[in-house]
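Okay, so here's the structure we're looking at.
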Amino acid sequence: MPVEEFVAGWISGAVGLVLGHPFDTVKLLGFFKGMSFPVASIAVVNSVLFGVYSNALLLLTATSHQERRAQPPSYMHIFLAGCTGGFLQAYFLAPFDLIKVRLQNQTEPRAQPGSPRPRYQGPMHCAASIFQEEGPRGLFRGAWALTLRDTPTLGIYFITYEGLCHQYTPEGQNPSSATVLVAGGFAGIASWVTATPLDVIKSRMQMDGLRGKVYRGVLDCMVSSVRQEGVGVFLRGLTINSARAFPVNAVTFLSYEYLLRWWG
Ligand SMILES: C[N+](C)(C)CCCC[C@H](N)C(=O)O
């Protein structure tokens with residue numbers, strides 16, 4: 001199984017993430033809170049995403065990454081491979097994302113003399129507390145909502161990227177850097193716009209129980225959120241998600257393409 005894609009996904013994800021972190025944190029207050037942990041986690045998750053995507057395409061179309069410029073796969077195959085990558089990465093992402101959401105929602109000021117200690121002291125402590133309090137399955141809280149969020153939207157991600165690259169690149173050539181940046185940026189936007197409704201639900205499921213409110217499942221969370229806040233609840237964070245998505249995914253795809261060209 002070709003491993004370059006896993007490694008390229010690993011590095012490119014980390015590059016994109018560093019750029020996007022302030023956007024990711026601003027919606028929850030506390031700039032740059034917990035930077036090293038997301039960098040380590042995106043490395044794992046992005047490598048699963050790009051590695052599985054590329055190897056799924058290899059299985060479906062019998063063409064390697066290098067051959068795909070000359071023989072572009074069908075959009076159906078790209079979509080299916082993207083969904084497969086999205087589905088599998090969701091399980092790797094779930095515990096990391098849970099810890100991120102729990103830490104970022106913790107907006108108490110840093111321990112000052114006399115003030116109560118925050119519930120979680122850092123990512124490791126957070127993981128250990130969840131494990132102790134809720135068992136190993138506790139670390140996968142919200143994983144189902146995350147899978148529903150990521151499976152189709154990562155299909156959309158790769159379709160948008162490949163579609164735009166194809167559109168603006170002469171037959172058989174590699175896309176230019178500008179094309180890769182723009183196509184990657186729009187791929188990020190398309191996938192985040194479609195992912196936002198389930199992103200809202202996912203985060204609520206991950207925080208469920210900690211601030212009251214107990215949902216019976218994804219559907220119950222959707223229904224009760226809409227009842228209380230109207231359908232607009234599904235658009236929460238749309239602007240910041242899209243603003244973050246463009247630069248993050250532009251550089252993710254640029255570094256991914258360049259690493260593979262350089263090795264290939
Ligand atoms: C599917 N969904 C839109 C949720 C995520 C897209 C992941 C792409 C990139 N790692 C990023 O963080 O933007």
Side-chain angles (χ1 to χ4, degrees), residues 5 9 12-13 16-17 19-20 23-24 27 38 41-42 44-57 60 73-98 100-101 140 142-166 180 182-206 217-219 221-222 225-226 231-253 256:
E5 286 88 348
S12 60
L17 183 111
L19 206 71
F23 290 92
D24 215 8
K27 59 179 173 187
S41 63
I42 195 74
V44 177
V45 173
N46 217 57
S47 122
V48 172
L49 173 62
F50 281 82
V52 171
Y53 167 73
S54 196
N55 283 284
L57 262 187
L60 288 166
S74 72
Y75 286 117
M76 193 54 183
H77 284 152
I78 294 172
F79 183 71
L80 287 177
C83 291
T84 312
F87 180 82
L88 285 172
Q89 64 93 49
Y91 281 89
F92 287 84
L93 177 60
F96 292 120
D97 192 64
L98 175 73
K100 182 188 89 170
V101 168
F140 287 85
W144 176 226
L146 187 69
T147 309
L148 290 177
R149 183 195 77 172
D150 284 8
T151 304
T153 55
L154 282 162
I156 293 170
Y157 181 69
F158 286 106
I159 281 219
T160 311
Y161 176 72
E162 292 298 343
L164 288 173
C165 280
H166 186 73
V180 169
V182 172
F186 279 110
I189 291 188
S191 111
W192 271 107
V193 165
T194 46
T196 294
L198 272 157
D199 185 59
V200 174
I201 300 304
K202 177 224 52 129
S203 302
R204 292 183 175 202
M205 301 293 298
Q206 289 171 321
V218 172
L219 201 62
C221 179
M222 283 180 168
S225 301
V226 171
V231 283
V233 72
F234 290 133
L235 302 178
R236 285 246 179 120
L238 186 70
T239 316
I240 189 99
N241 287 346
S242 314
R244 173 192 171 279
F246 195 95
V248 169
N249 293 290
V251 302
T252 297
F253 274 106
Y256 176 73

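Excluded from the calculations below are hydrogen atoms, water molecules and symmetry mates; all remaining heavy atoms, backbone and side chain alike, are included.
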Q | Residues which pass side chain to side chain donor-acceptor pair (under 3.5 Å) with S54, listed by chain and number, not counting sequence neighbours | A | E5, R68
Answer whether the closest heavy-atom distance between the side chains of [X] and [Y] falls below 4.5 Å.
X	Y	result
R244	V248	yes
Y53	I78	yes
L57	E162	no
I201	F234	yes
V180	Y161	yes
V226	V233	yes
T194	P152	no

Q: Kindly say whether G184 contributes a backbone atom to a donor-acceptor pair with the side chain of N249 at under 3.5 angstrom?
A: no
Q. Counting N and O atoms only, with roles assigned by atom type, does the side chain of Q89 sit under 3.5 Å from a partner on the main chain of G86, one being a donor and the other an acceptor?
A. yes
What distance separates [X] [atom1] from [Y] [atom2], expressed to the nearest 0.5 Å?
X	Y	atom1	atom2	result
F50	N55	CZ	CG	13.5 Å
I156	D150	CD1	CG	11.0 Å
D97	K100	CG	NZ	5.0 Å
C221	L198	SG	CG	9.5 Å
F140	L146	CZ	CG	10.5 Å
D199	L148	CG	CG	12.5 Å

Minimum heavy-atom distance between [X] and [Y], given as atom pair plus value:
X	Y	value
A56	T84	CB-CB, 4.5 Å
K202	G142	CG-O, 4.0 Å
T196	R236	CG2-O, 3.4 Å
Y75	G163	OH-CA, 3.3 Å
G16	V251	CA-CG2, 3.5 Å
S12	N46	OG-ND2, 3.7 Å

(Q) Tell me whether the count of non-hydrogen atoms from other residues, nucleotides or ligands lying under 6.0 Å of OH in Y91 goes above 12. (A) yes
Q | Heavy-atom neighbours of H77 NE2 exceed 12 at 6.0 Å | A | yes
Q | Identified ring-ring contact (aromatic ring centres under 6.0 Å, His included) partner of F253 from the options Y157, F246, F186 | A | Y157
